[in-house]
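Each remark here refers to the structure printed beneath this line.
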Amino acid sequence: MSRVTGEAHAALGMSALLFVGGALGYARGKSIPSLVAGTAFGTGYAISGWLISKGDGKEGHSLALALSGTLTGVMGGRFLKTKKVMPAGVLLGAGGLSATYHGIKAAEWW
């Protein structure tokens, strides 16, 4: 079994955060949109982490950057509307940090 490269940990961490967050949103509030979004974004970040770990950093970081930008935009709008730190503010911050990291790493591959 191959080891996951250090660069993949950010994407895999976001994947776990979004899977767990979506499941908690559903468990606590029966929120199907939270479950669907958490699963979709979590899967996207997992694919990104897999691509990075197998050496396709350009594609993996670019995918994670696109996901992070989308997550930041959606959660930024939600945060402005609700002013709630959880979950919108937390995911806005996580998405922004992820976008910054993956943007820098994607630029290194171009």
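Model, not experiment: these values are computed from the prediction.
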So, the side chain of Ser15 versus the backbone of Gly42: is there a donor-acceptor pair under 3.5 Å, distance only?
yes

Measuring only between side-chain heavy atoms, which start at C-beta, is Leu71 closer than 4.5 Å to Tyr45?
yes

Trp50 six-ring centre to Lys54 NZ/CZ under 6.0 Å and within 45° of normal
yes

When clusters are formed by joining ILVMFWY residues with side-chain heavy atoms under 4.5 Å apart, either directly or through shared neighbours, do Leu67 and Phe79 land in the same one?
yes

What side-chain donor-acceptor pairs closer than 3.5 Å can you find for residues 82-100, not counting sequence neighbours?
unit_1	atom_1	unit_2	atom_2	d
Thr82	OG1	Arg78	O	2.9
Thr82	OG1	Lys84	N	3.3
Lys83	NZ	Leu80	O	3.0
Ser98	OG	Ser68	OG	2.7
Thr100	OG1	Gly96	O	2.9

Could you give the side-chain donor-acceptor pairs of residues 57-65 under 3.5 Å, partners two or more places apart or in another chain?
unit_1	atom_1	unit_2	atom_2	d
His61	ND1	His102	ND1	3.0
His61	NE2	Glu7	OE1	2.9
Ser62	OG	Lys58	O	2.6

Nearest-0.5 Å distance, CG of residue Asp56 to CD1 of residue Ile47
13.0 Å

Table please: side-chain donor-acceptor pairs of residues 17-31 below 3.5 Å, with sequence neighbours left out.
unit_1	atom_1	unit_2	atom_2	d
Ser31	OG	Ser34	N	3.2
Ser31	OG	Ser34	OG	2.9

